[in-house]
Amino acid sequence: MPPPAADAPCPEQAFNATALKWHTCAWLLLPVLVFLTGWMHWYAALPLTLLMAAGLTPRERKEPQTRDSLPAFPLFTRSSFLALAAFAALMALSGWGEWVNQHPDHIVRNACLRELVASPWPVIFPDGNVLIYNTGFWLVPALAGKLAGLDAARVLVVLWGAWGLFLTWLWLCVFSGRRSLLLALLMAAFGSLLNFQCWLGLDLFRLHYFGTAEQIMCSANASIPVLLFFIFLASGRMPLPWIPLLFAATAFYSPLAALGGLPLAACQWRRQWKGVLPLRDVLLHPSFSAAVLLGTCFLLYYGAVNAPSSHMGMRPFYTHPGDFLLMATSFLLYALFCWRDFRKNPLFICTLATGLILPFFYVNGDVNDLLCKGSVPVMACLLAFLASSWTRHPGLRVWIWLLLAFGLAPRFNIPYYCCSSSALQEFLAPPASETESPSFASREWKQLFYAPQARRQDEWGRTMHHPGHRWYPYYSGTPRPWLRFIYRF
């Protein structure tokens with residue numbers, strides 16, 4: 001299919017993606033249903049499940065005839081299996097499944113999966129506290145692990161994440177109007193230009209917008225569902241009643257990402273609702289009620305955590321030149337490629353505005369958790385717009401690839417890939433007698449290919465119960481008595 005011209009109809013109108021919609025809905029909501037069954041009393045879970053089912057049921061009003069006549073978007077072709085294999089390899093090399101040496105963040109990730117497999121649900125620790133954590137990504141693999149053992153759960157974590165990335169890639173293809181494996185590569189390489197930022201000596205903690213590869217390595221459990229939802233949202237193909245319901249499900253996977261992405265979801269919801277249905281009909285639809293109740297249940301669940309009160313508020317930004325350089329190399333350079341096609345798209349403008357405003361807000365001080373997690377929806381929408389512009393304008397492709405290649409967006413991950421096995425790590429390790437070389441090339445070589453901290457992260461063993469650890473309050477909670485009427489604590 002030739003790439004469409006800039007003034008052609010939106011390329012996402014080229015396919016009938018009904019099957020893809022339902023696959024995406026199932027991937028996002030199946031862990032939610034497992035959570036309702038395993039954590040909540042039946043008299044709370046059953047009505048909420050029925051309300052969700054009613055909200056997902058298609059309206060009797062038929063879709064426009066032009067949409068019905070579109071060719072169906074195939075889920076499985078030869079390229080599908082290549083993409084699935086590549087995403088599975090990316091998940092495994094990023095440390096999921098514990099098959100290779102891992103980033104230190106996997107200390108908690110590994111323990112969480114083992115806890116969910118070994119313990120009854122809901123997980124209650126010996127001291128009476130309960131596990132309070134965004135466990136959604138692990139619930140389906142953990143359910144398999146209860147039936148077939150921990151090794152089955154470890155394999156399914158990789159496959160479950162690969163399936164989520166596969167669906168995300170398919171939505172990029174639908175939105176771009178072209179099925180291409182190069183879009184999978186674009187998705188994996190997309191992110192802040194860390195090389196430029198490191199060379200310029202910029203303070204990355206002031207504005208570090210996670211790229212796709214970093215998200216997969218450190219927090220695939222929170223990031224893949226958010227990527228999938230917001231790229232699906234940007235495509236304009238999400239049914240209007242689904243938007244609030246699936247957004248509430250996204251809050252289950254990452255509350256801070258939902259907070260950062262709230263303006264984007266509201267913008268697209270209003271864009272699709274305006275002039276289509278009376279507001280009363282939208283608000284009275286079962287999906288809206290289900291979303292409100294689901295969001296309230298998740299808010300009460302996460303609100304029971306024992307973590308110290310978060311430091312949150314506003315901070316000054318754009319106060320020195322380094323802030324402008326950080327913003328340009330993290331975010332705005334990509335937006336320039338999309339401006340011609342999407343400058344009149346409300347979601348694109350909202351994406352830019354949200355990305356520019358987010359640095360003014362912080363949660364948890366030095367490492368701004370709100371910025372790390374809340375920027376994922378912004379980067380997901382920007383990735384969708386960039387992929388569409390990449391398809392529309394072949395002349396821009398070489399410049400986009402040069403920007404990604406020279407910036408080495410997944411720089412953070414490359415050392416872990418290279419040190420994924422102990423043998424490779426030993427081969428790349430500098431001699432013990434070698435002194436620190438002042439050579440720029442030597443420093444870059446070491447930073448780009450060697451990660452001495454990469455190893456199997458098993459400090460927490462098979463449990464999340466570590467009362468003496470400074471992280472423990474962030475993953476445990478003491479539920480109030482009234483909360484026990486909803487949850488089986």
Side-chain angles (χ1 to χ4, degrees), residues 24 27-28 30-32 34 83-117 133-142 144-145 153-172 184 187-192 208-232 249-258 260-261 369 372-377 379-380 383 409-410 412-414 416-417 420 454 456-457 475:
T24 303
W27 193 92
L28 289 170
L30 185 57
V32 174
V34 174
L84 267 173
F87 287 135
L90 182 61
M91 286 290 295
L93 284 174
S94 296
W96 297 93
E98 305 178 53
W99 307 111
V100 301
N101 290 339
Q102 300 168 304
H103 183 272
D105 280 3
H106 284 270
I107 294 172
V108 175
R109 315 289 186 245
N110 298 342
C112 184
L113 177 63
R114 296 180 181 190
E115 185 75 73
L116 290 171
V117 170
Y133 191 43
N134 49 337
T135 56
F137 181 77
W138 291 287
L139 289 183
V140 172
R154 291 165 56 198
V155 171
L156 195 55
V157 161
V158 173
L159 297 179
W160 185 254
W163 184 252
L165 291 171
F166 173 70
L167 294 173
T168 305
W169 168 66
L170 291 180
W171 278 115
L172 277 183
M187 183 175 84
F190 180 74
S192 300
H208 186 36
Y209 280 3
F210 272 6
T212 307
E214 294 167 90
Q215 295 166 25
I216 295 171
M217 173 164 284
C218 294
S219 58
N221 56 300
S223 298
I224 293 178
V226 176
L227 275 173
L228 177 57
F229 171 81
F230 281 95
I231 290 178
F232 184 14
T250 302
F252 173 51
Y253 294 103
S254 178
L256 288 177
D369 287 344
C372 290
K373 304 294 193 300
S375 64
V376 176
M379 297 298 278
L383 170 60
F412 176 86
N413 304 65
I414 293 175
Y416 291 96
Y417 298 154
S420 58
R456 301 288 179 88
Q457 305 293 344
Y475 307 123

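- Expressed to the nearest 0.5 Å, how far CZ of F412 lies from OG of S192 amounts to 12.0 Å.
- For the pair M187/L165, a side-chain contact is recorded, criterion being any heavy-atom separation below 4.5 Å from C-beta on.
- Contact of the I231 side chain with the W169 side chain is not registered, since no non-hydrogen atoms from C-beta on lie closer than 4.5 Å.
- With values rounded to the nearest 0.5 angstrom, N413 atom CG is found 8.0 Å from I216 atom CD1.
- Looking only at side-chain heavy atoms (C-beta outward), Y417 and L90 come within less than 4.5 Å of each other.
- Under a 3.5 Å cut-off, the side chain of H106 and the backbone N or O of N101 do not form any donor-acceptor pair.
- Counting all heavy atoms, side chain and backbone alike, M91 lies closest to G161 at CE-CA, 3.8 Å.
- With a 4.5 Å cut-off on side-chain heavy atoms, P377 and V226 count as touching.
- Going from atom CG of L167 over to atom CG of L172 covers 11.5 Å, rounded to the nearest 0.5 Å.
- In this structure, the side chains of C372 and Y209 stay at 4.5 Å or more apart for every pair of heavy atoms.
- A distance of 4.0 Å separates CZ in F232 from CH2 in W171, rounded to the nearest 0.5 Å.
- Between A142 and V117 the shortest heavy-atom distance is CA-CG2, 3.9 Å.
- Closest of all the heavy-atom pairs between Y253 and P31 is OH-CG, 3.1 Å.
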Inset, instruction - Would you check, one step at a time, whether the test side chain to side chain contact (heavy atoms under 4.5 Å, CB included) holds for C112 with Y475? - result: CA-CA 10 Å; C112 184; Y475 307 123; over 6 Å; no

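- Counting only heavy atoms from C-beta outward, the side chains of N221 and Y133 approach each other to under 4.5 Å.
- Put simply, OG1 on T168 and CZ on F87 are 7.5 Å apart, with the number rounded to the nearest 0.5 Å.
- For the pair F229/T24, no side-chain contact is recorded, criterion being any heavy-atom separation below 4.5 Å from C-beta on.
- Within the 4.5 Å cutoff, no side-chain heavy atoms of T250 are placed close to those of P225.
- A donor-acceptor contact shorter than 3.5 Å is absent between the side chain of W96 and the backbone of R109.
- Applying the ring pair (Phe, Tyr, Trp, His ring centres under 6.0 Å) rule to F230 yields no partners; only residues at least two apart in sequence or on another chain are considered.
- In this structure, R154 forms a cation-pi arrangement with W99, its terminal cationic atom sitting closer than 6.0 Å to the ring centre and no more than 45° off the ring axis.
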Inset, instruction - Apply side chain to side chain contact (heavy atoms under 4.5 Å, CB included) to the pair L139 and F252, showing each step before the final yes or no. - result: CA-CA 12 Å; L139 289 183; F252 173 51; 4.0 Å; yes

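- To the nearest 0.5 Å, the span separating CD on E214 from CE on M379 amounts to 8.5 Å.
- The aromatic ring centroids of W160 and W27 lie less than 6.0 Å from each other.
- Taking each heavy atom of A153 and G145 in turn, the nearest pair found is CB-CA, 3.8 Å.
- Using a distance-only test at 3.5 Å, with no hydrogens or angles considered, no donor-acceptor pair links the side chain of D105 to the main chain of S219.
- Shortest non-hydrogen contact noted between S254 and N134 is CA-ND2, 4.5 Å.
- Here the shortest heavy-atom pairing between A162 and L84 reads O-CD2, 4.1 Å.
- Counting only distance, with no hydrogens or angles, the side chain of S420 and the backbone of V100 share no donor-acceptor pair below 3.5 Å.
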